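Here's the structure, in structure tokens; my notes come after.
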Amino acid sequence: QIKLVESGGGLVQAGDSLRLSCAASTRTFTASRVAWFRRRSEKRRELVSYITAPDGTTYYGDSAKGRFTISMDDAKNTVYLQMNSLKVEDTALYYCAVDLPPMGGNPLFSYDSWGQGTQVTVSP
């Protein structure tokens with residue numbers, strides 16, 4: 001099974017930026033859908049964004065539109081989530097997931113591997 005490791009979380013102030021990374025244990029992103037999810041305290045899991053390869057299609061949830069950017073560096077087996085203008089309500093555990101071929105399942109839950117997450121805390 002592919003191992004995903006997230007990094008880049010931390011404690012920041014509102015308005016700051018962070019870049020999260022999702023690194024895969026093998027070269028697996030060449031044909032895949034990689035998503036970022038988050039879970040805020042006592043909230044349901046939320047799909048933040050995803051990117052598909054090799055076509056580069058991206059999706060952003062309402063909370064991410066205009067502030068977050070997802071990108072993929074296939075050579076480094078890494079997907080990034082650049083988060084700008086962070087808000088207190090962005091505080092959550094962020095984790096990534098990968099859907100391998102054949103893809104096409106529900107992007108809310110159809111993934112083959114999940115990471116453990118990285119905590120993002122945004123203070124006022």
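Model, not experiment: these values are computed from the prediction. Below, all heavy atoms of this structure are taken into account, side chains as well, without hydrogens, waters or symmetry copies. Here, residue 1 is the first one in the sequence, and each next residue gets the next number.
Looking only at side-chain heavy atoms (C-beta outward), Tyr95 and Arg39 come within less than 4.5 Å of each other. No side-chain heavy atom of Tyr50 sits less than 4.5 Å from a side-chain heavy atom of Thr58. Side chains of Asp16 and Val122 form no contact here, defined as non-hydrogen atoms less than 4.5 Å apart.
When all heavy atoms are compared, the tightest approach of Val12 to Ser17 is CG1-O, 4.5 Å. Smallest separation of non-hydrogen atoms from Met72 and Ile51: CE-CG2, 3.9 Å. When all heavy atoms of Asp99 and Met103 are compared, the pair lying nearest together is O-SD, 3.4 Å. Counting all heavy atoms, side chain and backbone alike, Phe29 lies closest to Ala24 at CZ-CB, 3.7 Å. Closest approach of Ser32 and Leu100 over heavy atoms only: CB-CD2, 4.2 Å. The minimum heavy-atom distance between Trp36 and Cys22, with the atom names listed, is CZ2-CB, 3.5 Å.
Here the CD-OG distance, from Gln13 to Ser123, works out to 5.0 Å after rounding to the nearest 0.5 Å. Here the straight-line distance linking atom OH of Tyr59 with atom OG of Ser49 works out to 8.5 Å at 0.5 Å rounding. Expressed to the nearest 0.5 Å, how far OG1 of Thr121 lies from CG of Asp90 amounts to 11.0 Å. Thr28 contributes atom OG1, which lies 8.0 Å from atom CG of Asn77 (distance to the nearest 0.5 angstrom). Between atom OG of residue Ser113 and atom CG of residue Leu4 there is a gap of 5.5 Å, rounded to the nearest 0.5 Å. The OG1 atom of Thr78 sits 6.5 Å away from atom CG of Asp73, with the distance rounded to the nearest 0.5 Å.
Hydrophobic clustering (side-chain heavy atoms under 4.5 Å, transitive across Ile, Leu, Val, Met, Phe, Trp, Tyr) groups Leu81 together with Leu18. Neither Val5 nor Tyr80 shares a network with the other; the hydrophobic side chains, linked directly or stepwise wherever heavy atoms of I, L, V, M, F, W or Y lie under 4.5 Å apart, form separate groups for each.
Between the side chains of Thr30 and Asp74, no donor-acceptor pair of N or O atoms lies under 3.5 Å. If you check the side chains of Arg38 and Tyr94, you find a donor sitting under 3.5 Å from an acceptor.
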side-chain contact (heavy atoms from CB on, under 4.5 Å) between Phe109 and Arg45: does it pass, once the steps are laid out? CA-CA 10 Å; Phe109 54 80; Arg45 183 176 68 196; 3.8 Å; yes
Should Leu93 and Thr118 be marked as a side-chain contact (heavy atoms from CB on, under 4.5 Å) after you check the CA-CA gap, both sets of side-chain angles, and the distance that decides it? CA-CA 6 Å; Leu93 179 68; Thr118 184; 5.6 Å; no
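Using a 4.0 Å cut-off between charged side-chain N and carboxylate O, Lys65 and Asp62 make a salt bridge. Checked for salt-bridge contact, Glu46 and Arg40 meet the test: a charged N lies under 4.0 Å from a carboxylate O.
Within a 6.0 Å radius of CD in Gln116, no more than 12 heavy atoms belonging to other residues, nucleotides or ligands are found.
Between the side chain of Thr91 and the main chain of Val88, a donor-acceptor pair closer than 3.5 Å is present.
The aromatic rings of Phe37 and Trp114 sit tilted relative to each other, their planes meeting at an angle between 30° and 60°.
A cation-pi contact links Arg33 to Tyr111, judged by a cut-off of 6.0 Å to the six-membered ring centre and 45° from its axis.
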